Amino acid sequence: MCHIFLIMVINPETALDQARVLLVDIGGTNVRTCSANIGSSELINPQKNNTSCLKSFDALIANFLTEDPSIQHIVFSVAGPRLNDSISMTNRDFTLDANEVLKKFDISSCHVLNDWESIGHSLSLFDQSDMDTIIQGQSFNKTALILGPGTGLGASLVVDNQIVLPTEIGNSTFSINSMLIGSELNYSEDFHVLEDLISGRGISNIYKEYSGLEKSSEEILMSYNSDHLAKKSIDQFLVCLPQVLSELALAYMPGNGIFLAGGLMRSLMQHINPLKFKECFLMNRKIMHADILSNIPVFLIQKEMTCLHGNLNYINKFFLRNAR
């Protein structure tokens, strides 16, 4: 039996039919949208807008439904923890409630996923050609950890490509003190929870600690070869990241691999030294635990728009499950 831990609200007065679905990914910085035919794997007309468009969210959705009356289902992925049928964003003043969407719009079903829940559902769609290998390994179970530092830090567990368990690890204080020990970073209000260090904002915080200046992670990455403090900040981030992955690996035992995702990680890949990364991943571990960690492969997913792919894969699995 397949168990999927997702929010799903269906209008009981409207029969589910395999019509077109609207896919919406609401991240901390951008809103990505597209439509798709249920049962397909193709994203139709994917678009990206700044989250400022959320000020007219109802109009945004209404416009899609007006332009394409065949849309009968909507799948949202949202950057924030879900509670019952709603998600409040972590880094934005915005709440999405599946029941309210059904009341406002003439659609058959509305599904709301945490963004890393959605990315977890995308994992089974990708093969080796969609990934770069950072650490070679040898899988020993069916549990995978998928994680990405971006506006914040998101992560989820994927068991046998079926059960997806999102986490809020980025807003915990898990291992933050150990990351600061042994580095030149000081304990400060800038480093309170884990995503204050392991995220795009974390890169900015590290740079601020070294330079006293405030810059975006994009600016810091662009000046890697011209600003020695930018290089130092990125290098420090890439020492902390594998140490965090090591902690999470021992907590969750993702024997099927750790998968890094997101635009920031794709930009950082050119600066990753796999040997150094593995050295930090195994740092300060007992021999027994180092042996276990050595078997866990680490990959970087190069595919873009992972949430939209995950949203589509989820709705496809939903219809397949209900067709049985």
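Please read all numbers here as calculations on a predicted model, not as lab measurements.
- Between Asn313 and Ser122, the side chains place no donor N or O within less than 3.5 Å of an acceptor N or O (distance only, hydrogens not considered).
- Considering only heavy atoms from C-beta on, Phe237 comes within 4.5 Å of Pro149 through its side chain.
- Checked by atom type and distance alone, the side chain of Asn256 never pairs as donor or acceptor with a backbone atom of Ser139 at under 3.5 Å.
- Considering OG of Ser294 and CD of Gln138, their distance stands at 11.5 Å, rounded to 0.5 Å.
- At distances below 3.5 Å, at least one donor-acceptor pair connects side-chain atoms of Asn295 with backbone N or O atoms of Asp291.
- Checking Glu42 against Asn37 by side-chain atom types alone, no donor-acceptor pair falls below 3.5 Å.
- By the 4.5 Å heavy-atom criterion applied to side chains, Gln302 and Met131 are not counted as neighbours.
- Side-chain contact between Leu194 and Leu153: present, with at least one pair of heavy atoms (C-beta onward) separated by less than 4.5 Å.
- Side-chain N or O atoms of Glu219 include one that pairs as donor or acceptor with a backbone N or O of Ser216 at under 3.5 Å.
- When all heavy atoms of Pro242 and Cys280 are compared, the pair lying nearest together is CG-CB, 3.4 Å.
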Starting from the C-alpha separation in whole Å, work towards a yes-or-no answer on side-chain contact (heavy atoms from CB on, under 4.5 Å) for Val112 and Asp85. CA-CA 7 Å; Val112 180; Asp85 293 340; over 6 Å; no
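- Summarising the geometry, atom CD belonging to Gln243 is positioned 9.5 Å from atom CG belonging to Leu197; distances are rounded to the nearest 0.5 Å.
- His121 approaches Val164 most closely through the heavy-atom pair NE2-CG2, 3.5 Å.
- Side-chain atoms of Ser246 and Arg285 form a donor-acceptor pair, as typed in the model, at a separation below 3.5 Å.
- Interatomic distance, Thr51 OG1 to Asn30 CG, rounded to the nearest 0.5 Å: 7.0 Å.
- In this structure, the separation between CD on Gln47 and OG1 on Thr33 is 4.5 Å, given to the nearest 0.5 Å.
- No chain of hydrophobic side-chain contacts below 4.5 Å, direct or via other Ile, Leu, Val, Met, Phe, Trp or Tyr residues, connects Val193 to Leu264.
- Between the Thr167 side chain and the Ser156 main chain, no donor and acceptor come within less than 3.5 Å of each other.
- Checked against the 6.0 Å centroid threshold, Tyr224 and His271 count as a close aromatic pair.
- Taking 4.0 Å as the cut-off between side-chain N and carboxylate O, Lys48 and Glu304 do not count as a salt-bridged pair.
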I'd like to know whether Lys303 forms a side-chain hydrogen bond (donor to acceptor under 3.5 Å, both in side chains) with His309, so could you lay out the CA-CA distance, the side-chain angles of the two residues, the decisive distance to 0.1 Å, and finally the verdict. CA-CA 10 Å; Lys303 198 84 168 180; His309 286 284; 5.0 Å; no
Ser118 vs Asn311, side-chain hydrogen bond (donor to acceptor under 3.5 Å, both in side chains): CA-CA, chis, key distance, verdict: CA-CA 6 Å; Ser118 172; Asn311 289 357; 2.7 Å; yes
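- The minimum heavy-atom distance linking Leu22 with Cys34 is given by the pair CD1-O, 3.4 Å.
- Separating the NZ atom in Lys232 from the CD1 atom in Ile206 is a distance of 11.0 Å, to the nearest 0.5 Å.
- Residues Asn205 and Asp196 have side chains that never bring a donor and an acceptor to within less than 3.5 angstrom of each other.
- Residues Tyr252 and Thr143 approach most closely at O-CG2, 4.1 Å, considering heavy atoms.
- Taking each heavy atom of Asn316 and Ser40 in turn, the nearest pair found is ND2-O, 2.9 Å.
- A single hydrophobic cluster is seen to contain both Met269 and Leu238, as judged by linkage of ILVMFWY side chains at heavy-atom distances under 4.5 Å, directly or through other members.
- Proximity of Ile107 to Leu102: side-chain heavy atoms (C-beta onward) are separated by under 4.5 Å at one or more points.
- In this structure, Met283 is not a member of the same hydrophobic cluster as Leu250, with clusters built from ILVMFWY side-chain heavy atoms closer than 4.5 Å.
- Side-chain contact annotation: His73 with Ser108, donor-acceptor N/O pair under 3.5 Å absent.
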Please evaluate residues Ile134 and Leu260 with respect to the criterion side-chain contact (heavy atoms from CB on, under 4.5 Å), reporting the C-alpha separation (whole Å), side-chain torsions for both, the decisive distance (0.1 Å), and the verdict. CA-CA 10 Å; Ile134 299 175; Leu260 302 173; 3.9 Å; yes
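- For the pair Leu123/Ile301, a side-chain contact is recorded, criterion being any heavy-atom separation below 4.5 Å from C-beta on.
- If you check the side chains of Ser172 and Glu195, you find no donor sitting under 3.5 Å from an acceptor.
- One finds the CG atom of Leu147 at 8.0 Å from the CD1 atom of Ile258 (value rounded to the nearest 0.5 Å).
- Between Val158 and Asn161, the closest side-chain pair of non-hydrogen atoms falls below 4.5 Å.
- Annotation for Asp160: atom CG counts as buried by contact number, over 12 foreign heavy atoms lying within 6.0 Å.
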Could you check Leu312 against Leu308 for side-chain contact (heavy atoms from CB on, under 4.5 Å), going step by step and ending with a plain yes or no? CA-CA 6 Å; Leu312 179 55; Leu308 295 183; over 6 Å; no
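- Checked by atom type and distance alone, the side chain of Asn50 pairs as donor or acceptor with a backbone atom of Ser52 at under 3.5 Å.
- Put simply, the side chain of Leu54 reaches to within 4.5 Å of the side chain of Met89, judged on heavy atoms.
- With hydrogens and angles disregarded, a donor-acceptor distance shorter than 3.5 Å links the side chain of Thr66 to the backbone of Ala62.
- Closest of all the heavy-atom pairs between Gly150 and Ser199 is O-CB, 3.5 Å.
- The backbone N or O of Met253 sits less than 3.5 Å from a side-chain atom of Asn141, completing a donor-acceptor pair.
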Leu213 and Lys208: side-chain contact (heavy atoms from CB on, under 4.5 Å), yes or no, with the steps? CA-CA 5 Å; Leu213 302 175; Lys208 180 181 176 182; over 6 Å; no
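- In terms of hydrophobic clustering, with Ile, Leu, Val, Met, Phe, Trp and Tyr side chains grouped at heavy-atom distances under 4.5 Å, Phe174 and Val239 are assigned to different clusters.
- Using cut-offs of 30° and 60° for the angle between ring planes, the Phe259 and Phe299 rings count as parallel.
- Looking at Glu117, its side chain does come within 3.5 Å of a backbone N or O of Asn114 through a donor-acceptor pair.
- With Asn63 contributing its side chain and Leu60 its backbone, the two residues share no donor-acceptor pair below 3.5 Å.
- Met222 and Tyr207 fall into different hydrophobic clusters, where Ile, Leu, Val, Met, Phe, Trp and Tyr are joined by side-chain heavy atoms under 4.5 Å apart, directly or via other members.
- Thr95 and Ser86 are not linked by any side-chain donor-acceptor pair at a separation below 3.5 angstrom, with hydrogens and angles left out of the test.
- In this structure, a donor-acceptor pair under 3.5 Å is present between the side chains of Asp25 and Ser77.
- A salt bridge links Lys231 to Asp235: one of the charged nitrogens lies within less than 4.0 Å of a carboxylate oxygen.
- Taking the side chain as every heavy atom from C-beta outward, Ile87 and Asp97 never approach each other to under 4.5 Å.
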